[in-house]
Enquirer: 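What follows is a single structure, and I will ask about it in a moment.
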Protein chains: 2
Amino acid sequence: MNEGRSSLIVAVDVVLFAVQDKQLYTLLVERGRPPFQGMWAFPGGMVEPEEPLSAAACRELREETGIQSVPYLAQLGAFGDPQRDPRGRVISVVYWGVIPTRCPVRGADDAASAQWWPVNALPELAFDHRTILECARRRLRREVQQDLRLLFHLLTPPFVLRELQEVFEVIIGRPTDKRNFRRFVLQQQWLEEVGIREPQGPGRPARQYRPRPEALLPSPGDRCV
Amino acid sequence: MNEGRSSLIVAVDVVLFAVQDKQLYTLLVERGRPPFQGMWAFPGGMVEPEEPLSAAACRELREETGIQSVPYLAQLGAFGDPQRDPRGRVISVVYWGVIPTRCPVRGADDAASAQWWPVNALPELAFDHRTILECARRRLRREVQQDLRLLFHLLTPPFVLRELQEVFEVIIGRPTDKRNFRRFVLQQQWLEEVGIREPQGPGRPARQYRPRPEALLPSPGDRCV
DNA sequence: GGAATAGTGTCTCTTAGACACTATGTA
DNA sequence: TACATAGTGTCTAAGAGACACTATTCC
């Protein structure tokens, strides 16, 4: 092992997803200075010397968007192309996560402003963030297909089954049969019924559910999965 | 984004797996100097300023073990616990890979010696490498279960189906039915028959196979999957 | 009563897994 | 011919997916 010191810069970035109105959104901040001034990027920044990587991710997210906590956050990987940042060599450790609905965000800190964008109509992204987005989106899709419980972190309980299914369909990108979906979810015993939703117009009111606490996928955070 | 500079040290480590004699092996180098002198660690070292991460992984592997190329290498993730290296803050980007059989290795460079170890009888590992190993092992198991073609990188063709199955069983850790395994592999049309193995003792000689080129999983290397 | 949404059951096809005997070579 | 290894087919159970109608509420 080479024990010499070579100092590269380590950053973290956070790709956060939310679903609303049958669209997948991701959270971006507008860059207030060069390089890529005026373009948009994922919230992120440098890692402090004594700070765990996931803590840095949460901190940058908080500082740049005001979001205080994320129910599910996992590491996506390290992006280290030598050319990815024109200022020099920056390794970015990227985290991805989900959050229920587009929660309010504010611009702050050195980010000019933070905003939710539909992933199908994004502005031009800085650095290699387009690549990172595609990677994170694949990962989100895969994880949801492998374990539907991730959906529970994308909704605020109580919710109704149609809402759950809509979120699912937005993420995997194709429609699903209602009966098959409901049968599958209900027979896992992940949900408990919690009354009937107040009627909100024509149509039969739907049952509301809440995920059982033991059905909530724990956030890996820094843990390796 | 915080544009200030904080310089952390970025290293790469490589967890390489091979199977032989119905055992899973991993490649370690003995540490020739503190910290953890005399203990064993995965080959690895510092990333050069202009070097892609996967290139650094390959270079360190070559320098410390003499291995020139690895048929399948993918990123496992970044390990960045502030306490993981007593010398200071080191972020390690870990790669994992597989290679057919235990190829010869040499100690070299500043690694005292390189050696294949059975994962079920490892020496004490330096740093957080025990954690990393468990993570890599889970990943190997998952990938093999999801796509059997990864096995083709763990054998030197031509091979016979029993050998393929043995490698599979070692990795997933339990026996499998011979007929089911053969049926599955053959009906994927991944293999082409390439003659009969010379008899090597009692018993009927087995057919030899070679994976079709298009059935070889491409090594992700630096690409995000 | 008409419109809108919620809720329900069956059948089929595919896949995964359990399971035992025959074939062909060596000594 | 005894022994060792290679090679083969069927049945069952579970899961995934296609598919259409009834129930309840509002206006």
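A quick note: this is a predicted structure, and the numbers were derived from the prediction, not measured. The figures that follow rest on heavy atoms only: side chains count, while hydrogens, waters and symmetry mates do not. Lettering of chains follows the sequences in order, A, B, ..., and the numbering in each one begins at 1.
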Enquirer: Between B:Arg139 and B:Glu143, does any NZ, NE, NH1 or NH2 come within less than 4.0 Å of an OD or OE carboxylate oxygen?
Expert: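 Yes, charged N to carboxylate O under 4.0 Å.
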Enquirer: Write down the distance between CD (B:Gln165) and C1' (C:dG17), rounded to a whole number of angstrom.
Expert: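 It works out to 13 Å between those atoms.
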Enquirer: Under 4.0 Å from OP1 or OP2 of D:dA6: is there any side-chain N or O of B:Arg162 that close?
Expert: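 Yes.
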Enquirer: Let me know the distance between CD1 of A:Ile196 and P of C:dA6, rounded to the nearest Å.
Expert: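 Nearest whole value for this atom pair: 12 Å.
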Enquirer: Mark yes or no for whether A:Gln75, through its side chain, and B:Ala78, through its backbone, hold a donor-acceptor pair below 3.5 Å.
Expert: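 Pair found, side chain donor or acceptor close to backbone of B:Ala78.
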Enquirer: What integer distance in Å separates A:Asp177:CG from D:dC21:P?
Expert: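 Nearest whole value for this atom pair: 14 Å.
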Enquirer: Roughly how many Å is it from CD1 in B:Ile172 to P in C:dA16, rounded to a whole number?
Expert: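 About 13 Å, once rounded to whole Å.
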Enquirer: What contact category does A:Arg183 fall into here, base, sugar-phosphate, or nothing, at under 4.0 angstrom with non-hydrogen atoms?
Expert: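 Answer is base: heavy atoms of A:Arg183 come under 4.0 Å of a base.
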Enquirer: What's the closest nucleotide to the B:Asn180 side chain, out of C:dG7, C:dG17, C:dG25?
Expert: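 Side chain of B:Asn180 sits closest to C:dG17.
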Enquirer: Taking the minimum atom-to-atom distance to the side chain of A:Lys178, which one of D:dT8, C:dG25, C:dG7 wins?
Expert: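 Nearest listed nucleotide: C:dG7.
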Enquirer: Mapping A:Phe184 and A:Pro205 to their closest nucleotides on DNA chain D, which lands nearer the 5' end?
Expert: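 The residue closer to the strand's 5' end, by nearest nucleotide, is A:Phe184.
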Enquirer: Quick check on D:dG9: is either OP1 or OP2 less than 4.0 Å from any side-chain nitrogen or oxygen of B:Arg179?
Expert: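 For D:dG9, neither OP1 nor OP2 has a side-chain N or O of B:Arg179 closer than 4.0 Å.
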Enquirer: Backbone N or O of A:Thr176 within a donor-acceptor pair of the A:Gln165 side chain at under 3.5 Å?
Expert: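 Yes; at least one donor-acceptor contact below 3.5 Å.
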Enquirer: Once you round it to whole Å, what is the distance between P of D:dT5 and CZ of B:Phe181?
Expert: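 Rounded to the whole Å, the gap is 18 Å.
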Enquirer: When you measure from the side chain of B:Arg182, which nucleotide among D:dT24, C:dG25, D:dG7 comes out closest?
Expert: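 Among D:dT24, C:dG25, D:dG7, the one nearest the side chain of B:Arg182 is D:dG7.
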Enquirer: Answer yes or no: is there a donor N or O on one side and an acceptor on the other, between the side chain of A:Thr26 and the main chain of A:Leu16, under 3.5 Å?
Expert: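 Here the side-chain-to-backbone pair exists.
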Enquirer: Assign each of A:Val160 and B:Gln200 to its nearest nucleotide of DNA chain C by heavy atoms, then name whichever residue's nucleotide is nearer the 5' end.
Expert: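 Whichever sits nearer the 5' end wins; that is A:Val160.
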Enquirer: Could you tell me how far apart B:Tyr209 (OH) and D:dA6 (P) are, to the nearest whole angstrom?
Expert: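 After rounding, the reported distance stands at 12 Å.
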Enquirer: Please tell me which of the listed nucleotides, D:dC26, D:dT24, C:dG25, lies nearest to the side chain of B:Pro199?
Expert: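 Within the option list, the nearest is C:dG25.
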Enquirer: For A:Gln187 and D:dG17, what is the distance between atoms CD and C1' respectively, to the nearest whole Å?
Expert: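 So the CD-C1' distance, A:Gln187 to D:dG17, works out to 14 Å.
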Enquirer: For DNA chain C, whose closest nucleotide is more 5', that of A:Gly203 or that of A:Leu186?
Expert: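 Going by which nucleotide is closer to the 5' end, it is A:Gly203.
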Enquirer: Roughly, in whole Å, what's the span from CZ in B:Arg197 to C1' in C:dT24?
Expert: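 From B:Arg197 CZ to C:dT24 C1': 16 Å.
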Enquirer: Just checking B:Arg207: base, sugar-phosphate only, or nothing, at a heavy-atom cut-off of under 4.0 Å?
Expert: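 Since only primed, P, OP1 and OP2 atoms lie under 4.0 Å of B:Arg207, the category is sugar-phosphate.
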Enquirer: Do A:Arg59 and A:Glu51 sit within salt-bridge range, that is, some charged N less than 4.0 Å from a carboxylate O?
Expert: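 Counted as a salt bridge, because a side-chain N and a carboxylate O are separated by less than 4.0 Å.
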